Amino acid sequence: MDWIGLDLTLPITDPTWIFLLVLLIILFAPILLNKLRIPHIIGMILAGLAIGEHGFNILARDSSFELFGKVGLYYIMFLAGLEMNMGDFKETRNKALVLGLLAFIVPIGIGFVANVSYLKYGVITSVLLASMYASHTLVAYPIVTRFGVSRHRSVSIAVGGTAVTDTLTLLVLAVVGGLFKGETGGLFWIWLVIKVIFLGTFIIYIFPRVGRWFFHRYNDNVMQFIFVLAMVFLGAGLMEFVGMEGILGAFLAGLVLNRLIPHVSPLMNHLEFVGNALFIPYFLIGVGMLINLRVIFGHGDALKVAAVMIIMALTGKWIACWLTQKINKMSALERKLMYGLSTAQAAATLAAVLVGYNIILPGGERLLNDDVLNGTVLLILVTCVVSSLITERAAKKVAIDDSEPEKTSSATETEKILVALNNPNTIEDMVNLSLVIRDPKLKDNLLAINVINNDNTSDNLRMRSKRYLEKAAMMTTAVNVPLRQITRYDLNIASGIIHSAKENEITSIITGLHHKANITDSFFGVLAGHLLKRLNCELIISKFLIPVHTLKRIVVAVPPKAEYESGFPRWMEHFCRMGSTLGCRVHFFANEKTTAHLQTLIKKKHKQVLTDFSLLEDWNDLLVLTGQVSYDHLLVIISARPGTLSYDSSFEKLPRQLSKYFSNNSLIVLYPNQSGEPLDTSFFSKLYTDTETRHYEKVGKWFYRWFKKD
């Protein structure tokens with residue numbers, strides 16, 4: 001029909017109107033289906049069904065849906081690998097391995113028998129269909145995050161088991177797909193295994209190193225985003241080149257880049273945003289356009305296939321979780337939580353059914369027919385609903401059971417972190433540091449300040465202050481973390497920070513020093529000295545030579561008697577949280593008694609963190625650490641204010657040792673918070689006034705020489 005020059009012939013073929021219609025579906029489908037409590041993934045598929053040739057025939061499944069569909073499929077598998085918490089998996093690897101193997105073997109075993117005996121499918125079709133019962137997606141994971149139980153043992157086991165199960169499922173899918181891409185005679189299987197092992201090793205070994213090299217040198221968010229996408233499609237393309245399915249390469253790329261892209265980083269937010277806003281919905285709409293409801297309700301075979309698929313998936317996962325519970329002597333509530341998380345079928349299931357649907361057998365029929373394709377939609381719908389309901393009920397009970405212990409044991413319940421922005425070259429590093437050490441359960445616990453001298457109120461200074469704070473706010477907004485911005489007019493920087501810290505009840509202050517800056521001894525000595533003498537909160541002085549998210553290890557040197565300081569639990573929790581977020585190992589160096597306290601506290605609250613412990617008996621000489629700290633490591637020195645329990649005269653040698661041994665390393669010098677009154681108004685400050693003065697003068701001179709030399 002032509003109305004005022006507008007061609008309304010269906011299906012619509014004009015690219016502008018096609019893209020507009022897809023955007024409107026992506027916009028309004030979640031809004032409408034949320035009221036019906038239908039998961040978004042099902043909503044997009046149903047929308048595709050409605051506008052496709054088997055629905056109202058508004059759009060044809062043209063080349064754009066094929067292109068974006070493949071991109072979306074790779075994106076789903078990439079994000080599935082990227083969102084795996086490898087730290088949690090390593091901590092609970094044995095239990096997770098048990099669940100992962102059982103969640104793969106049991107569904108694929110009973111599913112294969114049902115497919116062959118009841119549905120009368122062939123061997124290869126039965127194997128591929130059974131692998132769909134084994135795979136699962138963590139659709140319900142946001143629920144456990146909302147209830148604050150994401151670090152519960154059963155959740156970690158379910159997440160780790162997902163990595164095992166989905167990897168095995170994708171291998172089955174890749175092998176089945178490979179059977180129809182080459183000859184199967186002779187040395188086909190041996191050559192296929194060799195190619196897959198070689199390529200997998202190449203991706204695992206080369207991709208992280210190339211990624212770390214790139215992130216060290218380029219901080220631009222757009223360049224990093226494009227680089228990551230290029231790596232994803234390189235992995236997928238290489239996997240297809242050797243005769244396997246590209247989704248396996250995309251999944252592996254997500255796993256190996258996991259540690260370089262923290263969940264609280266702007267890059268992770270950009271990746272999730274683009275995928276969830278465009279590529280993945282486009283893919284899901286394209287899947288819906290393949291569905292033919294007439295096939296499902298036109299005869300009994302489609303409903304029978306769907307019923308078998310649903311029963312096998314739900315039953316197989318329940319048996320796997322029940323066996324895992326009995327083997328590991330877990331509670332029934334933990335079993336329910338594992339079952340809820342491991343029940344939902346989504347990404348890998350869609351990948352498998354589309355691969356099988358697109359394989360044409362010699363007789364002309366498809367490997368997975370229309371009955372399976374349409375049954376998959378019902379499988380995803382039922383399992384996502386069941387998963388969400390069970391997970392929400394179990395997570396709520398776990399949260400109630402754990403609420404009292406967490407309430408009494410939290411060391412950072414009143415945490416407030418203040419980032420002092422005085423140097424534009426250090427803003428990015430300091431904000432990223434604050435993001436990885438903050439408690440994600442707390443809201444409005446991040447503040448940034450820029451101090452302007454009262455004697456200089458020029459417009460240039462005000463604009464500069466605004467730019468600094470806006471840059472920091474943009475970084476935190478990118479990861480959905482609110483940042484309170486403070487512009488302070490005061491006599492000097494130290495005074496402004498001190499007054500703001502007291503007014504806002506700050507628990508930690510982060511300051512930075514750029515290794516290329518021309519810093520005077522008076523700046524470092526006066527600023528640090530005033531903050532330490534007039535505030536009892538934690539002070540973190542940082543210097544980063546590489547981006548925070550590219551660190552491979554955190555080396556923490558702890559002085560004797562540090563466990564007696566009131567700030568001991570707080571800084572320990574900061575670096576454990578940092579190690580968990582970055583997926584890197586935290587290596588503590590301390591004497592035997594302090595190490596025992598560290599191990600006890602970490603075992604109680606941070607069992608999932610990868611930690612090492614080594615003895616450091618002689619604090620006077622940090623030379624022993626030079627062999628432990630590399631360029632891509634972070635050295636953390638736990639210092640102390642003069643007059644405190646863990647203070648030692650050897651701290652006066654610290655600047656000289658750092659400048660001599662660690663000038664080419666990223667560094668944090670941390671002063672723990674102190675309870676009671678600030679030191680300059682206490683009895684101890686009078687006793688140690690001269691010592692403090694000498695200490696700060698030496699610190700200022702040594703840091704001046706160090707940074708000026710660099």
Side-chain angles (χ1 to χ4, degrees), residues 78-79 81-87 89-90 163 199-238 249-272 425-426 428-433 435-437 475 478-479 514-516 542-556 575 577-587 609-610 612 627-636 662-668:
F78 167 67
L79 289 180
L82 198 62
E83 291 175 355
M84 294 293 179
N85 192 324
M86 302 310 292
F89 174 66
K90 291 176 182 179
L199 181 57
T201 304
F202 176 82
I203 292 176
I204 292 172
Y205 183 81
I206 298 296
F207 275 32
R209 286 162 174 77
V210 174
R212 198 176 300 278
W213 173 86
F214 187 90
F215 290 146
H216 280 179
R217 285 158 179 77
Y218 303 100
N219 293 326
D220 184 76
N221 290 330
V222 175
M223 293 181 64
Q224 290 183 350
F225 178 82
I226 299 300
F227 169 79
V228 171
L229 285 189
M231 298 298 285
V232 173
F233 282 89
L234 176 60
L238 291 175
F251 183 69
L252 283 176
L255 286 178
V256 299
L257 295 177
N258 189 296
R259 289 181 57 180
L260 297 178
I261 309 175
H263 288 190
V264 295
S265 65
L267 178 58
M268 183 67 176
N269 182 269
H270 296 157
L271 289 168
E272 290 182 335
N425 297 314
T426 62
E428 186 171 348
D429 290 328
M430 290 193 298
V431 173
N432 283 331
L433 175 62
L435 289 173
V436 296
I437 68 172
M475 294 178 61
V479 292
H514 191 261
H515 70 287
K516 295 294 184 182
S542 62
K543 168 193 173 184
F544 286 95
L545 301 183
I546 62 175
V548 174
H549 63 272
T550 62
L551 295 169
K552 293 182 66 175
R553 181 181 291 262
I554 303 171
V555 178
V556 185
F575 294 113
R577 191 180 293 131
M578 185 178 184
S580 177
T581 302
L582 300 179
C584 60
R585 190 174 294 272
V586 184
H587 195 158
V609 180
L610 302 174
D612 289 323
Q628 303 291 332
V629 184
S630 301
Y631 178 75
D632 51 5
H633 294 177
L634 171 65
L635 174 63
V636 179
F662 305 102
S663 59
N664 294 320
N665 296 106
S666 297
L667 172 72
I668 284 179

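This structure is a prediction, so every number in the text was calculated from the model and none was measured.
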Check: So, for S666 and I546, which heavy atoms are closest and what is the spacing to 0.1 Å?
Finding: OG-N, 3.8 Å

Note to self: Would the distance check show the side chain of R212 and the main-chain N or O of L260 forming a donor-acceptor pair, the cut-off being under 3.5 Å?
What the structure shows: no

Next item on the list: Looking only at non-hydrogen atoms, find the nearest pair between K543 and L545 and report the distance.
Entry: CE-CD2, 3.7 Å

Notebook entry, point to check: With distance as the sole test, does D220 use its side chain to make a donor-acceptor pair with the main-chain N or O of V222 at under 3.5 Å?
Noted result: yes

Note to self: Less than 4.5 Å apart, side chain to side chain, heavy atoms only: is that true for S542 and M430?
What the structure shows: yes

Item checked: Distance in Å, H216 NE2 paired with D632 CG, rounded so as to fall on 0.5 Å steps -> 6.0 Å

Note to self: Could you tell me if the side chain of C584 sits less than 4.5 Å from the side chain of L610, heavy atoms only?
What the structure shows: no

Note to self: Here's a test for you: under side chain to side chain contact (heavy atoms under 4.5 Å, CB included), which of V609, L435, L634 qualifies with M578?
What the structure shows: L634

Check: So, for V548 and L582, which heavy atoms are closest and what is the spacing to 0.1 Å?
Finding: O-CD1, 3.6 Å

Next item on the list: Supply the atom-to-atom distance I554 CD1 to H633 NE2, rounded to the nearest 0.5 angstrom.
Entry: 10.5 Å

Notebook entry, point to check: Counting only N and O atoms by type, is there a donor-acceptor contact under 3.5 Å from the side chain of H587 to the main-chain atoms of R553?
Noted result: no

Check: Say you draw a straight line from CH2 of W213 to OG1 of T550; how long is it, rounded to the nearest 0.5 Å?
Finding: 13.5 Å

Checklist line | Nearest atoms (heavy-atom pairs only) where F207 meets L257 | finding: O-CD2, 4.1 Å

Next item on the list: Given side chain to side chain contact (heavy atoms under 4.5 Å, CB included), test L433 with I668 step by step and report yes or no.
Entry: CA-CA 10 Å; L433 175 62; I668 284 179; 4.0 Å; yes

Check: Quick one: does V636's side chain get under 4.5 Å of F575's, heavy atoms only?
Finding: yes

Checklist line | Nearest non-hydrogen partners of M231 and A253, listed with the distance | finding: O-CB, 4.2 Å

Notebook entry, point to check: Got a second to check how far L199's CG is from I206's CD1, nearest 0.5 Å?
Noted result: 11.5 Å

Item checked: Any F78 side-chain heavy atom under 4.5 Å of L229 side chain -> no

Item checked: Shortest non-hydrogen contact between D429 and P547, atoms and distance -> OD1-CA, 4.3 Å

Next item on the list: May I ask you to decide if the ring planes of F214 and F227 are parallel, tilted or perpendicular, using 30° and 60° as cut-offs?
Entry: parallel

Item checked: Side-chain heavy atoms of F544 within contact of N432, under 4.5 Å -> no

